Amino acid sequence: MTSTCENQTVPLNMETLAVIDFETTGLSPAMGARATEIAVVLIRGGVIVDRYQSLMNAGVYVSGFIEQLTGISNAMVRNAPSAAEVMAAAADFIGDTPMVAHNASFDRKFWDAELGRIQRRRSQNFACSMKVARRLFPESPNHKLGTLVQYLGLPDSGVHHRAMADAEMTAYLVVRMQAELMQRFGLNHVLHKHLCTIQSASSVKLEATMKRLQKAI
DNA sequence: TGCCAGGCCCTCTTTAGGGCCTT
């Protein structure tokens with residue numbers, strides 16, 4: 001089994017995180033699904049410092065279900081820049097910035113698959129905001145992005161299943177969780193590698209994990 | 001025709017099953 005966060009090395013300073021969200025034609029690139037939209041939000045020091053967003057044309061059909069879910073139509077995709085062009089721009093925008101996504105295994109699959117189509121490879125790891133939220137907020141009704149935003153009283157544009165809206169909500173969630181971790185466990189800062197450590201810890205061992213982090217930070 | 005993923009996590013578990021979460 002491969003962790004999304006193994007071999008992570010991050011300098012101990014104010015860190016930039018790239019929060020990413022894809023809209024796609026389905027659930028699995030292995031089954032032929034392609035990305036239709038990507039958004040990236042850069043956060044640093046608890047605030048959003050930059051954004052990238054684009055629809056993309058991968059030359060695939062958008063089903064009625066997906067159009068109803070996301071509001072992204074075949075016409076919108078047809079008029080968008082090519083997937084190769086958009087992915088190259090997104091990869092350049094992110095560089096080697098550590099990445100975060102909600103249910104990261106999903107976005108990581110599409111990021112790797114779309115990058116592979118332009119002969120590029122990911123150099124950094126993903127942290128998963130859903131996994132961290134499950135450990136930090138077990139009392140939340142569920143751990144869907146929209147539910148967590150509502151549960152925690154985070155900013156909500158009212159738009160869902162569009163890449164930038166979901167990336168921004170995930171960014172707010174990440175900042176909120178960093179603050180929660182700092183307050184609850186007396187940490188001075190919470191870096192990407194700490195999120196990776198927490199998401200990989202058993203929920204019943206979270207306290208022990210945090211004690212180790214407290215000593216390490 | 002109908003269906004199609006996959007990794008994680010919990011528990012009524014571990015010789016397994018099913019829910020969660022993403023589009």
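What you see is a predicted model; the values in this text were computed from it and never measured. These values consider heavy atoms only, across backbone and side chains, with no hydrogens, waters or symmetry-generated copies. Numbered from 1 within each chain, the chains take letters A, B, ... in sequence-line order.
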Next item on the list: Specify the separation, in whole Å, of atom CD1 of Ile20(A) and atom P of dT23(B).
Entry: 12 Å
Margin query: From C-beta outward on His143(A), which listed nucleotide comes closest to its side chain: dT23(B), dC21(B), dC9(B)?
Written below: dC21(B)
Next item on the list: Test side chain to side chain contact (heavy atoms under 4.5 Å, CB included) on Gln68(A) and Ile66(A) and set out the steps.
Entry: CA-CA 5 Å; Gln68(A) 189 164 27; Ile66(A) 291 294; over 6 Å; no
Next item on the list: Kindly state which residues belonging to residues 157-177 of chain A come within less than 4.0 angstrom of DNA chain B, counting heavy atoms of the residue only, listed by number.
Entry: His161(A), Asp166(A)
Check: Rounding to a whole Å, what distance do you find between Asp107(A):CG and dG6(B):P?
Finding: 16 Å
Item checked: Spacing between Met56(A) atom CE and dT23(B) atom P, to the nearest angstrom -> 14 Å
Item checked: Check: Asp96(A)/Ser123(A) side-chain N/O donor and acceptor closer than 3.5 Å -> no
Next item on the list: Let me know the distance between CZ of Arg34(A) and P of dT22(B), rounded to the nearest Å.
Entry: 23 Å
Notebook entry, point to check: With respect to Arg162(A), which candidate in Glu37(A), Glu23(A), Gln53(A) satisfies the side-chain hydrogen bond (donor to acceptor under 3.5 Å, both in side chains) definition?
Noted result: Glu37(A)
Next item on the list: State, yes or no, whether a side-chain contact exists between Met87(A) and Arg117(A) at a heavy-atom distance under 4.5 Å.
Entry: no
Check: Which nucleotide in the list dC21(B), dA5(B), dT23(B) gets nearest to the side chain of His102(A)?
Finding: dC21(B)
Item checked: Atom C1', compared across dT1(B) and dG18(B): separation rounded to whole Å -> 26 Å
Next item on the list: Side-chain contact test, heavy atoms from C-beta onward, threshold under 4.5 Å: evaluate it for Arg34(A) versus Glu114(A) and give yes or no.
Entry: yes
Margin query: Heavy atoms only, 4.0 Å cut-off, all strands: where does Met130(A) land among base, sugar-phosphate and nothing?
Written below: sugar-phosphate
Notebook entry, point to check: Atom NZ of Lys144(A) to atom P of dT23(B): distance rounded to whole Å?
Noted result: 11 Å
Item checked: Between dA5(B) (P) and Lys109(A) (NZ): distance, integer Å -> 10 Å
Checklist line | Heavy-atom check, side chain of Arg120(A) versus side chain of Asp92(A), under 4.5 Å | finding: yes
Next item on the list: Determine the Euclidean distance between corresponding P atoms of dT14(B) and dC21(B); express it in Å to zero decimal places.
Entry: 24 Å
Notebook entry, point to check: With respect to the side chain of Lys131(A), which nucleotide from dT23(B), dC8(B), dG6(B) is positioned closest?
Noted result: dC8(B)
Checklist line | dG19(B) versus dC12(B) - spacing of their P atoms, nearest Å | finding: 14 Å
Item checked: Between His102(A) and Ser129(A), a side-chain donor and acceptor under 3.5 Å -> yes
Next item on the list: Measure up the Trp111(A) and Phe22(A) rings against each other and bin them: parallel (under 30°), tilted (30 to 60°), perpendicular (over 60°).
Entry: tilted
Next item on the list: Give the rounded distance in Å between these two atoms: CG of Leu145(A) and C1' of dT23(B).
Entry: 13 Å
Check: Are the side chains of Tyr61(A) and Val77(A) in touch, meaning some heavy atoms are under 4.5 Å apart?
Finding: no
Item checked: Side-chain touch Leu173(A)/Met169(A), heavy atoms, less than 4.5 angstrom -> no
Checklist line | Closest to the Asn103(A) side chain, choosing from dC20(B), dT22(B), dA5(B) | finding: dT22(B)
Item checked: Criterion side chain to side chain contact (heavy atoms under 4.5 Å, CB included) on Arg122(A) and Asn125(A), from CA distance to verdict -> CA-CA 8 Å; Arg122(A) 173 169 55 91; Asn125(A) 292 315; 4.1 Å; yes
Notebook entry, point to check: Looking for any heavy atom pair under 4.0 Å, which part of the strands does Asn142(A) touch: base, sugar-phosphate only, or nothing?
Noted result: sugar-phosphate
Checklist line | Whichever of Ala30(A) and Thr25(A) has its nearest DNA chain B nucleotide further upstream toward 5' | finding: Ala30(A)
Margin query: Contact list please: residues 69-88 of chain A against DNA chain B, heavy atoms, distance less than 4.0 Å, in numerical order.
Written below: Leu69(A), Thr70(A)
Note to self: When the C1' atoms of dT13(B) and dC8(B) are compared, how many Å lie between them, rounded to an integer?
What the structure shows: 15 Å
Check: How many Å lie between CG on Leu27(A) and C1' on dC4(B), as a whole number?
Finding: 10 Å
Next item on the list: Kindly say if Arg108(A) contacts the phosphate of dG7(B), meaning a side-chain N or O under 4.0 Å from OP1 or OP2.
Entry: no
Notebook entry, point to check: When all nucleic acid strands are considered with a 4.0 Å heavy-atom cut-off, which category describes Phe110(A): base, sugar-phosphate, or nothing?
Noted result: nothing
